[in-house]
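Here's the structure, in structure tokens; my notes come after.
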Amino acid sequence: MQHNRDKSKRGIAVLREEPVVKRGKETSLLKSIIKGVGIGLVVVAIFGLGVGVGNGSIHVNKQIPEANQKLPADLNYSSVEELYDELRAKYDGKLDETKLLDGIKAGLAEASGDHYTVYLNAKDAEAFNNQLDGTFSGIGAELGKDAQGNMVIVAPIADTPASRADLRPQDIIISIDGKDVAGMSVEQAVTKIRGKEGTKVSLRILRNKSEDHTITITRATIKVPSVKHEILDGNVGYMQITRFGDDTAELTAKAAQEFKDKGVKGVVLDLRGDPGGRLDAAVAVSSLWLNKGDVVLTERQNGVITDTEYASGDSPLHGMPTAVLIDEGSASASEITAGALKDNKAATLFGVKSFGKGSVQKIVELNGGGELKVTIARWHRPNGQNIDKKGINPDTEVKLTDEDRKNNADPQKDAAIQFITKQ
């Protein structure tokens with residue numbers, strides 16, 4: 001999860017990497033550093049939608065982790081210089097200095113072995129930072145990597161080319177326009193899937209580890225508000241969050257106040273297919289239900305708590321019967337919110353196990369416009385559990401089958417509404 005305090009950049013088709021949660025732009029000394037809570041799965045490319053930088057405090061920790069204290073203060077680059085000299089002297093073609101330097105930086109980050117620790121060149125960093133307002137050009141799907149390192153669809157965004165093409169959470173991407181994705185970073189895949197409105201991109205996917213499909217999708221410019229709400233059956237408030245972006249805190253606060261003013265009996269909070277986003281948005285949403293001072297999450301390095309996020313108070317939905325819907329596309333900031341409400345006994349969870357993105361990234365701005373997104377910690381639920389690669393289990397499991405999708409049936413939502421009406 002990225003802090004920005006995940007600036008889960010988790011891209012929308014614009015693409016997004018795994019669920020990333022971010023905080024906000026820093027000022028003065030802290031301007032160059034941004035923490036991100038990353039979706040499970042996170043840059044988050046909703047094939048173009050990056051989970052971006054949010055507003056909030058940033059914690060700068062210059063202490064070198066114990067595991068890395070034996071590394072030299074500076075690397076010996078003589079062997080790199082040797083390789084460069086030989087490449088420059090013997091390569092039959094034209095080399096580009098900027099691309100060579102970007103390659104070195106990308107290689108250093110990749111050598112960490114962590115899917116969420118990546119280098120973004122100036123172009124990718126700019127795209128990553130321009131996606132929080134929900135406007136993007138692409139297919140409208142979240143991209144990430146699973147525990148085995150496969151490139152996967154975290155979640156398609158509702159009413160986008162990706163959802164209309166029937167892309168589904170956990171679909172494994174094998175190739176993009178015929179090019180194998182093996183060895184690609186999420187950011188590289190995002191770049192290949194992005195494109196101008198009206199152009200097409202072809203994805204070969206593996207579904208359920210056995211069904212091989214090739215899907216051609218026409219890119220579009222997409223503008224998606226992060227929150228939709230309505231009142232169902234006269235007394236059940238329904239709130240759907242598709243990403244935790246710049247507008248989420250404001251839109252959810254308005255929805256919550258409307259629910260309260262109209263005296264709804266309870267609320268269904270739908271976080272299905274939400275790949276994550278800004279950490280401060282997740283804290284703000286959780287705070288609608290929680291008392292001031294309730295723990296939303298803790299961050300830990302080597303098991304030691306380094307930061308704690310608390311509910312802010314002013315909770316219009318405190319005590320309101322609430323059902324939260326989650327699925328395999330719920331990641332990062334979605335899991336923070338679901339875990340906070342469950343552990344503080346403010347909601348009951350319905351659906352299926354969530355994605356499982358529990359690492360914390362910091363975004364560091366580099367000279368030349370590039371950025372380093374580096375995993376610095378793990379976030380934990382209020383009950384102390386970290387969900388990385390594990391996910392959150394619902395209180396009541398309700399599956400959504402292919403037959404349900406074909407018939408436009410939603411037994412998960414139905415179960416949540418039935419739960420509220422019985423309260």
Side-chain angles (χ1 to χ4, degrees), residues 1-10 17-26 29-44 50-71 73 105-106 108-120 125 128-129 144-145 185-187 244 276-280 282-283 295-309 331-333 335-336 339 356-366 370-381 384-389:
M1 122 182 132
Q2 257 175 300
H3 270 2
N4 246 8
R5 349 184 169 210
D6 214 46
K7 200 175 172 180
S8 259
K9 297 168 185 178
R10 269 173 189 198
E17 138 194 297
E18 330 222 347
V20 171
V21 181
K22 303 190 174 186
R23 292 199 180 182
K25 293 182 179 179
E26 312 311 320
L29 283 178
L30 299 185
K31 184 175 181 180
S32 65
I33 297 180
I34 298 172
K35 253 186 176 179
V37 183
I39 92 183
L41 317 174
V42 292
V43 166
V44 184
V51 178
V53 182
N55 294 319
S57 61
I58 299 300
H59 301 274
V60 181
N61 183 359
K62 294 183 179 180
Q63 182 178 354
I64 297 174
E66 183 178 352
N68 296 327
Q69 288 180 359
K70 292 184 179 180
L71 287 173
K105 297 170 189 176
L108 279 173
E110 184 179 355
S112 69
D114 174 45
H115 296 317
Y116 303 110
T117 296
V118 296
Y119 166 74
L120 303 174
F128 179 79
N129 291 322
K145 287 194 175 183
S185 68
V186 171
E187 290 75 17
F244 285 76
R278 292 170 47 149
L279 174 61
D280 59 350
V283 175
V295 173
V296 176
L297 70 117
T298 61
E299 293 172 16
R300 306 188 188 197
Q301 290 181 339
N302 298 317
V304 178
I305 295 176
T306 58
D307 192 17
T308 302
E309 291 287 344
S332 191
E335 293 171 300
I336 289 172
K357 172 83 168 58
S359 60
V360 180
Q361 282 74 45
K362 174 187 289 185
I363 299 299
V364 182
E365 296 177 4
L366 305 172
E371 294 181 344
L372 173 67
K373 179 166 69 73
V374 55
T375 297
I376 61 168
R378 310 286 161 179
W379 65 262
H380 291 245
R381 291 165 50 181
Q385 294 181 359
N386 175 255
I387 55 82
D388 205 32
K389 300 181 178 64

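Note that CD1 of I336 is 13.0 Å distant from CZ of R278, once rounded to the nearest 0.5 Å. In this structure, CG on L120 lies 6.5 Å from CD1 on I363, to the nearest 0.5 angstrom. To the nearest 0.5 Å, atom CG of residue D114 and atom CD of residue Q361 are 6.5 Å apart. Distance check, rounded to the nearest 0.5 Å: NZ of K362 to NZ of K373 gives 14.0 Å.
Side chains of I387 and W379 form a contact here, defined as non-hydrogen atoms less than 4.5 Å apart. Proximity of I376 to T306: side-chain heavy atoms (C-beta onward) are nowhere separated by under 4.5 Å.
Checked against salt bridge (Lys or Arg N to Asp or Glu O under 4.0 Å), R381 has the following partners two or more places apart in sequence or in another chain: D343. With sequence neighbours left out, the side chain to side chain contact (heavy atoms under 4.5 Å, CB included) criterion links S185 to E187, Q188. Annotation: side chain to side chain contact (heavy atoms under 4.5 Å, CB included) contacts of N302 (sequence neighbours excluded): none. Here N386 pairs with nothing under the side chain to side chain donor-acceptor pair (under 3.5 Å) rule; sequence neighbours left out.
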Exercise for the section: Carefully, step by step, assess I64 and L71 under the rule side chain to side chain contact (heavy atoms under 4.5 Å, CB included). Expected result: CA-CA 10 Å; I64 297 174; L71 287 173; over 6 Å; no
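Nearest heavy atom pair, residue S112 against residue T117, reads OG-CB, 3.5 Å. Closest approach of D388 and G358 over heavy atoms only: OD1-N, 2.8 Å. Across all their heavy atoms, K145 and Y116 have their closest contact at O-OH, 4.3 Å. Nearest heavy atoms, R300 versus A377: O-CB, 3.3 Å. Across all non-hydrogen atoms, the minimal contact from S332 to G276 is CB-CA, 4.0 Å. Here the closest non-hydrogen pair linking L279 and E299 is CD2-OE2, 4.1 Å.
The number of heavy-atom neighbours closer than 6.0 Å to CD of E66, taken from other residues, nucleotides and ligands shown, is 12 or below.
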